[in-house]
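Have a look at the structure below before the remarks.
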Amino acid sequence: RMSWIPYLTTLGIPENTAISLLPLIGILDLVVATLLVLKPFKWLYLWCFIWTFSTALVRPSVGESWWEFIERGAFYGVSLALYLHSLQPKPTPAS
């Protein structure tokens, strides 16, 4: 398994800081997932899209293939689709 340290250091984050951030990133992912299950806010869908797109995009910058970015399209694609769906007006009940 490849560590996330190279991804973070490529962004200019020092290695010791990156190591400290990893548990916080994991906790944030769990909090976001829990909130989406309990109360799916529109901005959380947008956050998921931005996060999954950017984490997929950083892979080629550390020397991984662009296929790694494309392969993760399901993650950022679903996040974007859910966000766009959340923007649709709610149907009104028939009277």
On a heavy-atom basis, the closest approach of Leu87 and Lys42 is CD2-CD, 4.2 Å
Here the pair of heavy atoms bringing Ala56 nearest to Pro60 is O-CD, 3.4 Å
Nearest 0.5 angstrom please: [X] [atom1] to [Y] [atom2], how far?
X     : Y     : atom1 : atom2 : result
Ile27 : Leu21 : CD1   : CG    : 11.5 Å
Leu8  : Ser3  : CG    : OG    : 8.0 Å
Thr10 : Ile5  : OG1   : CD1   : 11.0 Å
Thr52 : Trp47 : OG1   : CH2   : 10.0 Å
Leu22 : Thr17 : CG    : OG1   : 11.0 Å
Thr55 : Phe69 : OG1   : CZ    : 10.0 Å

side-chain contact (heavy atoms from CB on, under 4.5 Å) between Leu46 and Trp51, intermediate numbers included: CA-CA 9 Å; Leu46 182 59; Trp51 178 252; over 6 Å; no
Are [X] and [Y] connected, step by step, through hydrophobic side chains (Ile, Leu, Val, Met, Phe, Trp, Tyr) whose heavy atoms are closer than 4.5 Å?
X     : Y     : result
Ile13 : Leu24 : yes
Leu38 : Leu28 : no
Ile50 : Leu30 : no
Phe53 : Val32 : yes
Leu57 : Val78 : yes

query: Step by step, would you call Leu36 with Tyr45 a side-chain contact (heavy atoms from CB on, under 4.5 Å)?
result: CA-CA 8 Å; Leu36 284 173; Tyr45 291 126; 3.7 Å; yes
Here the side chain to side chain donor-acceptor pair (under 3.5 Å) pairs for residues 72-93, sequence neighbours left out, are Glu68-Arg72
| request: Give me the ring orientation class for Phe41 and Trp43: parallel if the planes are under 30° apart, tilted from 30 to 60°, perpendicular past 60°. | output: parallel
- Relative to each other, are the rings of Tyr7 and Trp4 parallel, tilted or perpendicular (30° and 60° limits)? perpendicular
What I'd like to find out is whether the side chain of Phe49 reaches to under 4.5 Å of the side chain of Leu82, using heavy atoms alone. no
